[in-house]
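Protein chains get the first letters and strands the later ones, always in sequence-line order, with residue 1 at the start of each.
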There are 2 protein chains.
Amino acid sequence: MANIQHVARQAGVSVATVSRVLNGQDTVSAKTRIKVEDAIKKLNYEPSMLGRNLRNSESRILLILIPSIKNPFYLEVIKGIENIAISQNYNILLCETDSNPERENIYFDLVRKKMADGIISMDPAVNVETLKKLAENHAIIQCSEYAEDSGIPYITIDNEEASYLAVKHLIKLGHEKIALVNSDEKYLYARQRKLGYVRALKEHGLSMNEQYIIHTEELGFEQGQQAMKKIMQLADRPTAVFAVSDLLAIGALKEINANGLHVPNDMAVVGFDKIDFSNMTNPTLTTIAQPMYKMGTIAAKMLINQIKGEHVDSIILDHELVIRESTLG
Amino acid sequence: MANIQHVARQAGVSVATVSRVLNGQDTVSAKTRIKVEDAIKKLNYEPSMLGRNLRNSESRILLILIPSIKNPFYLEVIKGIENIAISQNYNILLCETDSNPERENIYFDLVRKKMADGIISMDPAVNVETLKKLAENHAIIQCSEYAEDSGIPYITIDNEEASYLAVKHLIKLGHEKIALVNSDEKYLYARQRKLGYVRALKEHGLSMNEQYIIHTEELGFEQGQQAMKKIMQLADRPTAVFAVSDLLAIGALKEINANGLHVPNDMAVVGFDKIDFSNMTNPTLTTIAQPMYKMGTIAAKMLINQIKGEHVDSIILDHELVIRESTLG
DNA sequence: TGAAGATATGTAATCGATTACATTTTCATA
DNA sequence: TATGAAAATGTAATCGATTACATATCTTCA
């Protein structure tokens, strides 16, 4: 396959000139530019990014760290990232850690080895210490989930406030016994969402029942079903459930249906994320909408700016309660 | 940041020796190996893949072309690809074309420019001519969707047979008026699945009603709903629907529910792919299971073998009918 | 016409690894 | 101890681009 030397020879110019044409520099005369372009066409030449990248010490690849590709929440964010990336001539390497530190390390190595120019971390299970160390020498943005004191810029929503909003909605509807299906509280977002839940209860004079709080290992349909099973068995059964993920909420919904109970009359359900599925369930799911796509675009812009050496500030985006059948009948 | 020269100097050896240690060659004495390893540790050295890749004329990146990241079918396949890739020291670049030729071309360019070592194409809307031309100089595997006469190896299932199986199942249940929600027949899989549908009808002496065949632009919930709306309006309404994607089937399900009809008593539904969500709907969805994960692993192995210069043969995997509530009550 | 300045082009170093080939060191054996 | 083979290490070319700096060519105007 042809390289820049061949093109130079074919066009009767030096490689420098070819490179100038390639990069659209304006110091090339029209005549030589045409000669070079002809040679390029004739030889079917495509510049190698391997050479260019080495010379420029960049890979033009952005790494996206997610726990699981199966949660549609991430997909919408990724779409946002991707569109910005493409428009700026970057490409994205999607890295699914499965919350497995070994996997994570393989991907971190890509940055260390210059195979990627920066990281957007969306993995709540990420090793914060490693991330901090990496951030000393590399561009990193935290998206959605973040470590507060890490000094690494992040973009997210106000999880506590969103959760508060969801629970308040249920309280306003008259519910007094509200279950919380949360994920492991080792994750910041889980702690924040619990805080919102607690605050809403307190503010409306409702007492908190520890039995009403269920923790799940992962965010999935299965886990939602399991959690709901536990809730169903409670002596003093709640009349509403707030799940911190639509996936959990949909699993819960299925379990409630399986028990012959009616949603929302017997049990109201609120989810989180507003994934596409949440509007396909029967009944449709009340949920908290996050601006996922926007979050992705901004995260990408932040990262690219950071790669350029600019300073970037953390950002908190708005959320919204979307009321549908699972709380309104 | 340290490079191989620095390490060599620090260890008092040549770069060749450092490189040998790096690549685990056994011609290095234990003594020097330790010296070099110490130097590496001391300097916090990480070999740059940019240098290595240029020298080796490889990027160790595999490109995966999918139409939309939103269809969970692809996700499971991708998981399979990813696991094999990682185990063989490759990484995957996920490329969502949105069936947009411009996007597609951006991604093809990555291969032309040596930024990727090969392609797994899963996009039915791919430009076959371009793909064929690319295949002359680059490693390419077609996964799930393929062009028959392209000469490019593929891995897929027997779409016609799978479709036949689905429709036969409905016929056996006594249905005689069966609608087909298909995607655009410019795609091979759509034509194949229609063939299976037609064959099942014919074989059981049922006449084909063109009105019962609906085509959709894309595979999504929306399109499924729209298709079902049309079916609902038919004078002689079918009693069953076979949709060529779970997404379409789930959209249809929603529309049927919205019309106050009962599934499967008033209208039976069969989908295709067995995505996770198909078991969460109410009622759960009868569907054709494809071995998605396995398909991914094999596709990745095929591609890597092809990159190595080996000859690879096309493969057809088994499918399976999964009977659930949407046809059985 | 010729000198200064502007414009166009070329030369060669560079990015950071790998590796063919050359050279040195080690070691067993005569 | 000398010798030759085997083992260890080094030298320098190479992958394919970019770019600082040097040089050549072209304009312009006194």
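Proximity of Ile120(A) to Ile140(A): side-chain heavy atoms (C-beta onward) are nowhere separated by under 4.5 Å. In this structure, Ile69(A) and Leu94(A) have side chains that are in contact, with non-hydrogen atoms separated by less than 4.5 Å.
Contacts between residues 30-40 of chain B and DNA chain C, counted as heavy-atom distances below 4.0 Å, involve no residue at all.
Not one N or O on the side chain of Asn105(B) forms a donor-acceptor pair closer than 3.5 Å with the backbone of Pro101(B).
Counting non-hydrogen atoms under 4.0 angstrom, Leu54(A) reaches a base of the nucleic acid.
With no hydrogens or angles considered, no side-chain donor-acceptor pair links Asn3(A) and Tyr45(A) at under 3.5 Å. When only modelled atom types and interatomic distance are considered, Thr156(B) and Glu145(B) share no side-chain donor-acceptor pair under 3.5 Å.
If you measure from atom CG of Asp26(B) to atom P of dA8(D), you get 8 Å, rounded to the nearest angstrom. One interatomic measurement links the two molecules: CE of Met115(B) to P of dG16(D), which rounds to 16 Å at whole-angstrom precision. Here dC15(C) presents its C1' atom at 12 Å from CD of Glu58(A), a figure rounded to the nearest Å.
For residues 112-139 of chain A, every residue pair satisfying the salt bridge (Lys or Arg N to Asp or Glu O under 4.0 Å) rule, not counting sequence neighbours, is listed here: Asp109(A)-Arg112(A), Glu129(A)-Lys132(A).
Here Asp38(B) does not pair with Arg33(B) in a salt bridge; the nearest charged N to carboxylate O distance is not below 4.0 Å. Classification of Glu96(A) and Lys79(B) as a salt-bridged pair holds, one side-chain N sitting under 4.0 Å from a carboxylate O.
Position along DNA chain D of the nearest nucleotide to Lys114(B) versus Gly12(B) favours Gly12(B) as the more 5'-ward residue.
At dT9(C), none of the side-chain N or O atoms of Thr27(A) fall inside 4.0 Å of OP1 or OP2 (strictly under the cut-off).
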Could you run through nucleotides 17-25 of chain D and give me one letter per nucleotide, 5' to 3': B if any protein heavy atom sits under 4.0 Å from the base, S if only the sugar-phosphate is that close, - if neither? BBBB-----

